[in-house]
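Just the heavy atoms: all of them, side chains too, but no hydrogens, waters or symmetry mates, feed the values below. Convention: sequence-line order gives letters A, B, ...; per-chain numbering from 1. Note that the coordinates shown come from a computational prediction; the quantities given were computed from them, not determined experimentally.
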Amino acid sequence: MLRTHTCGELTAEHVGQEVTLCGWVDTCRDHSGVLFVDLRDRHGRTQIVFGAEGGPESRELARSLRSEFVLAVTGKVAPRPEGTVNPKLRTGEIEVRVTRVEVLNPSLTPPFQPSQRELPGEDLRLKYRYLDLRRPDMQRTLLLRHRMIAIMRDYFDALGFIDVETPILGRSTPEGARDYLVPSRIQQGTFYALPQSPQLYKQILMIAGYDRYVQIARCFRDEDLRADRQPEFTQLDLEMAFVEMDDVMGVIDGLVVRLAKEILGLDVKLPLPRMTYDEAMERFGHDAPDLRFGMELVDLTDLARDCEFRVFRDAAQGGGRVRALNAKGAAERYSRKGIDELTAFVQNDFGAKGLIWFKVDADGKLASPTAKNVAPDILAAIGRRMDAAPGDLLLIVADQFEITCKALYGLRKRLGTELKLFDPRQVHFSWVVEFPMFAWDDEENGWSAMHHPFTSPRKQDREMLKTDPGACRAQAYDLIVNGYEAGGGTIRIHNQPLQQDVFRLLGIDDETAKNRFGFLLDALQYGAPPHGGIALGIDRLVMIFGGLSNIRDCIAFPKTQRATDVMTGAPGEVDAKQLRELGIQITR
RNA sequence: GGGGACGUAGCUCAAUUGGUUAGAGUACUGGACUGUCGAUCCAGUGGUUGCGGGUUCGAGUCCCGUCGUCCUCGCCA
C-alpha cells in the first residue's frame with residue numbers, strides 16, 4: 001500500500017504517529033510561510049501542513065500543487081494549535097505536518113471542481129463523470145446503494161434464496177416494452193434481445209426445483225426516458241415455489257422493514273397499508289398513489305347527472321364521470337392566472353376537456369364564473385360532499401373515467417408538491433393488489449396483459465376468463481413508495497392449459513405461442529410447482545432512500561434522455577467490417 | 001412522435017426587455033501574506049452569446065431552422 005491511513009480516519013488518538021496519506025488536492029491555502037492543503041479521498045478530508053518540518057524544497061513543491069493533483073504525503077500527525085480546530089471536519093482536531101511529499105500524478109485544470117458549491121450542468125457532469133463521482137454527494141449515494149444491495153443479499157441468503165445468473169443474450173418476446181436487439185453473427189439475420197426482465201428464466205428455475213431464487217438483475221427496455229426511468233436498470237428479482245401472494249409480500253415486508261431500519265433508522269409498522277387497484281383508482285386516480293398526503297378524489301357524478309350545467313350533465317349521462325379534489329386553503333394561492341395554468345396542464349398533458357373550479361368564500365358558498373350555471377342546492381351538495389370550508393379551492397374534471405383519473409392524479413401530484421402537503425424526507429410504503437388481468441387495447445382492438453402474460457388470475461375469477469376478461473383480477477401486487485412503483489410481482493400460471501387460454505385471449509395464436517414460448521408451455525407440463533415472485537426497482541429505491549428526485553444521480557454511469565452516454569459516446573457508429581460480418585446494411 | 005424550459009468567460013449566473021466597448025462571483029495566471037479551512041488582499045488573462053440563416057440603421061435579446069441538456073404527454077407486458 002502506498003498509504004498507511006485514509007483521509008477520513010485520523011483523529012486525536014493518532015497524534016504523534018508518522019503516517020502516509022494518498023489523495024487528491026481539494027483546496028490550497030498559501031500563507032507564504034505556511035501552506036495548507038486539504039487532501040481528499042472518498043473517506044474524507046485531512047488538512048496537511050507544509051511548514052518548517054519539510055524544509056524549503058517541499059514548500060517549493062507545495063506551491064506548485066494545483067486542484068486534483070494526486071499526492072502521497074508523509075508526516076507526523078499533530079494536534080492543531082489552540083483555536084484552529086475545525087469542528088466541521090471529522091479529522092478537524094489534527095493535521096499532518098508534511099516531511100515528504102510526492103506528486104503521484106498532476107492534473108489538468110478541471111472543468112469544474114468536485115468541491116465547488118454550484119453544481120455544474122448535468123451534461124458537463126456526465127461528460128466528466130470521474131470528476132463528478134469524486135463529489136461527496138455522489139460518493140454518499142453510491143455508498144448508500146452498496147449498503148442497500150448488501151442488505152438485500154444478506155437478507156435473502158439468510159432466508160435460503162439462491163442467487164442464479166440468467167442470460168443477457170435472450171430471445172425477443174412479443175408484447176411488453178421495445179427490445180434492445182443484438183445481431184447474431186453466426187446466424188445472420190437473427191437477433192438476440194437483451195432481457196426486459198429475467199421473467200421466464202426464473203419461472204424455469206422454479207420448475208427446475210430451485211424453490212427460492214434471487215438475483216440482482218440488469219434489465220433493458222428501449223422506451224423513452226424519464227426522471228425515474230433509464231433504458232438499462234437494475235432489479236432485485238426473486239421467485240419462490242409453493243407460495244401464495246401473502247408469502248411473497250411477506251418476504252418483501254421483512255426486507256422493507258430491515259432496509260428502513262438500517263438505512264433510514266425508521267420503524268416501519270407491519271402490515272403495510274394495502275388497497276386494491278380499483279380502490280386506488282377511485283381514491284387517487286392512479287395505481288401508484290402517493291400516500292404521504294390526503295387530498296383524495298371525490299366522486300360527484302350522481303350530483304352532476306341531473307344538473308342543468310351541461311358540462312356536468314353530459315359527462316355524467318354520457319358514461320363519463322365528474323370527479324373532484326379539494327385543495328384545502330389553496331384559494332388564495334391560485335389566482336385566476338394560476339388556475340388557467342392548471343387548466344392548460346390538464347388539457348395539454350392529459351387530454352381533459354377542461355377544468356371547473358370553485359373557490360369557497362367566507363360564507364362557505366362556492367364561487368366562480370361557473371357558479372351561476374349550477375343550481376344552488378347542487379352547489380351546496382357539492383360543497384358538503386367535498387367538505388368545503390372557506391378558503392378552499394375545489395377542482396373538478398368532467399370527462400371519461402380514464403381522463404378524470406389522469407387529470408386529477410396529475411393535479412393531486414402537482415398540488416401536493418406546490419402546496420407542500422408532505423414532508424419530503426418521509427418514506428411511505430404500501431401495497432396495491434388485485435390488478436385487472438387485462439386492459440382493452442384500442443389500437444390492437446384486443447386485450448393486452450396488464451402485468452405480463454404469465455400472471456395467474458384469482459382462483460375465483462378463472463371462469464370469467466371466457467365470459468368477462470375485463471372483470472378478471474390478477475394475483476398481482478405492486479410495492480408503492482412515495483407515489484413510485486418500486487416493484488411489482490404476481491403469482492404465475494403453473495398449468496399449461498390455463499397458460500394457453502391466456503395466450504389465446506391475448507391474441508397470441510397457438511403457433512406463435514409455440515414459437516415464442518414453446519419451451520415454457522413444454523416445461524409447464526413436466527411438473528411445474530405453483531410459484532410466484534416479484535421484482536423491485538433498485539435504482540428507484542436508492543433514489544427514494546437517498547432523497548433524490550432523479551434516477552441518474554444514483555447510477556454511476558447513466559444515460560441521458562436521448563439514451564446516450566456523453567462520456568463514452570455510446571451509442572456510436574461501427575466499422576463497415578463489423579456490419580459486413582453481421583450481414584447488416586444501414587439504409588438510412 | 002407532441003408540449004414546455006434552458007443554452008452568454010473553464011464553471012455558476014447577470015445584461016434595465018432591440019441600443020455605445022457583453023458584466024459579476026468563482027476558477028485560472030502572477031504577486032503579497034506564518035494558522036488558514038468557502039482564507040484574505042492586489043493585479044491580470046479569459047467571449048464565434050450552442051450552430052446556421054433571416055428581420056433591422058443596430059440582435060445575447062425578435063423570427064425560422066438545427067444541435068444539445070432537462071421536465072412532461074404518448075410509450076414503459
Side-chain angles (χ1 to χ4, degrees), chain A residues 26-39 45-52 59 63 66-68 78 80-89 91-92 95 97 108-128 131 173-179 196-197 199-200 219-231 233 341 344-352 403 406-407 410 413-414 435 437-439 441 443-444 447-455 474 476 485 488 490 502 506 508 535 537 549-550 552 559-562 564 566:
Chain A
D26 198 59
T27 51
C28 295
R29 293 176 294 279
D30 184 355
H31 288 253
S32 181
V34 59
L35 189 150
F36 304 95
V37 169
D38 285 346
L39 199 64
R45 271 188 306 161
T46 302
Q47 172 161 288
I48 59 180
V49 186
F50 294 84
R59 230 174 27 240
R63 207 149 277 149
R66 294 293 179 269
S67 286
E68 302 308 309
R80 292 200 184 184
E82 191 76 29
T84 65
V85 165
N86 185 350
K88 284 189 256 176
L89 231 50
T91 61
E95 60 195 19
R97 302 267 169 84
L108 296 175
T109 300
F112 62 89
Q113 307 214 297
S115 55
Q116 82 182 41
R117 291 197 151 207
E118 309 117 333
L119 205 56
E122 200 169 349
D123 33 356
L124 201 72
R125 289 175 54 204
L126 291 174
K127 179 171 179 191
Y128 297 94
L131 298 179
T173 53
E175 298 207 51
R178 194 175 294 112
D179 283 320
Q196 295 180 28
S197 83
Q199 182 59 36
L200 292 171
C219 304
F220 306 86
R221 294 176 191 177
D222 187 5
E223 297 292 347
D224 285 353
L225 285 76
R226 284 287 189 287
D228 63 347
R229 262 169 29 195
Q230 280 276 301
F233 59 101
E341 280 172 18
F345 172 60
V346 297
Q347 288 173 328
N348 296 335
D349 277 12
F350 308 108
I403 304 248
K406 287 179 179 175
K413 192 168 162 180
R414 176 168 172 166
F435 285 71
M437 280 287 288
F438 310 102
D441 187 337
E443 267 177 48
E444 302 285 330
W447 296 104
S448 65
M450 190 97 170
H451 197 86
H452 59 53
F454 319 107
T455 300
E485 179 195 330
T490 64
V502 170
L506 293 171
I508 305 173
S549 53
N550 176 332
R552 294 180 298 277
K559 302 282 190 288
T560 67
Q561 195 170 43
R562 289 180 64 252
T564 63
V566 289

Roughly how far apart, to the nearest Å, are [N] and [M] at atom [atom1]?
N      : M      : atom1 : result
B:rG7  : B:rG50 : C1'   : 6 Å
B:rC67 : B:rU49 : C1'   : 16 Å
B:rC70 : B:rG31 : P     : 42 Å
B:rA14 : B:rC76 : P     : 39 Å
B:rC41 : B:rC73 : P     : 48 Å
B:rG18 : B:rU61 : P     : 11 Å
B:rG2  : B:rU55 : P     : 28 Å
B:rG68 : B:rU8  : C1'   : 16 Å

Select base, sugar-phosphate, or nothing to describe what [X] touches, counting heavy atoms under 4.0 Å on all strands.
X        : result
A:Glu122 : sugar-phosphate
A:Ser197 : base
A:Arg552 : sugar-phosphate
A:Leu124 : sugar-phosphate
A:Thr564 : sugar-phosphate

Give none if [N] has no partner; otherwise give the nucleotide forming a Watson-Crick or G-U wobble pair with it, both distances under 3.5 Å.
N      : answer
B:rA22 : none
B:rC33 : none
B:rC6  : B:rG68

Whole-Å gap separating [atom2] ([N]) and [atom1] ([X]):
X        : N      : atom1 : atom2 : answer
A:Arg562 : B:rC67 : CZ    : C1'   : 9 Å
A:Leu119 : B:rU12 : CG    : C1'   : 10 Å
A:Leu108 : B:rC28 : CG    : C1'   : 13 Å
A:Asp441 : B:rC76 : CG    : C1'   : 14 Å
A:Glu341 : B:rA5  : CD    : C1'   : 13 Å
A:Asp26  : B:rA27 : CG    : C1'   : 14 Å
A:Lys127 : B:rC11 : NZ    : C1'   : 14 Å
A:Leu35  : B:rG31 : CG    : P     : 13 Å

A:Arg178: salt bridge (charged side-chain N to carboxylate O under 4.0 Å, His left out) partners, not counting sequence neighbours: A:Glu223

Hey, could you give me the CE/CZ distance between A:Met450 and A:Phe435, rounded to the nearest 0.5 Å? 6.5 Å

Kindly indicate, with the supporting measurements, whether the criterion side chain to side chain contact (heavy atoms under 4.5 Å, CB included) is fulfilled by A:His31 and A:Phe36. CA-CA 8 Å; A:His31 288 253; A:Phe36 304 95; 3.9 Å; yes

First of A:Thr173 and A:Arg66 reached from the 5' end of RNA chain B, by closest nucleotide: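 In this pair, the answer is A:Arg66.
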
5'-most contact on RNA chain B (nearest-nucleotide basis), A:Gln196 vs A:Leu126, goes to A:Leu126

Please state whether the base of B:rC76 and the side chain of A:Arg229 form at least one donor-acceptor pair under 3.5 Å? yes

Quick check: any donor-acceptor pair below 3.5 Å linking the side-chain of A:Asn348 to the base of B:rG4? no

Using a 90° cut-off around 0 for syn, call B:rU20 syn or anti. anti

At under 4.0 Å, does any side-chain N or O of A:Thr560 touch on OP1 or OP2 of B:rU69? yes

Ignoring backbone atoms, establish whether A:Arg226 has a side-chain N or O less than 4.0 Å from OP1 or OP2 of B:rG74.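 For A:Arg226, the contact criterion (side-chain N or O under 4.0 Å from OP1 or OP2 of B:rG74) is not met.
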
Going by heavy atoms in the side chains, are A:Leu225 and A:Gln230 under 4.5 Å from each other? yes

A correct 5'-to-3' footprint of nucleotides 33-40 of chain B, with B, S and - meaning base, sugar-phosphate only and no protein heavy atom under 4.0 Å, is BBBBBBB-

Residue pair A:Asp224, A:Arg229: steps toward the salt bridge (Lys or Arg N to Asp or Glu O under 4.0 Å) verdict: CA-CA 8 Å; A:Asp224 285 353; A:Arg229 262 169 29 195; over 6 Å; no

Take A:Arg80 and A:Asn86 through the side chain to side chain contact (heavy atoms under 4.5 Å, CB included) test and state the conclusion after the steps. CA-CA 9 Å; A:Arg80 292 200 184 184; A:Asn86 185 350; 3.4 Å; yes

Residue pair A:Arg66, A:Glu68: steps toward the salt bridge (Lys or Arg N to Asp or Glu O under 4.0 Å) verdict: CA-CA 6 Å; A:Arg66 294 293 179 269; A:Glu68 302 308 309; over 6 Å; no

Check: A:Ala439 main-chain N/O paired with A:Ser448 side-chain donor or acceptor under 3.5 Å: yes

Is the cationic atom of A:Arg221 (NZ for Lys, CZ for Arg) positioned less than 6.0 Å from the six-membered ring centroid of A:Phe233 and within 45 degrees of its normal?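 Output no; distance or angle outside limits.
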
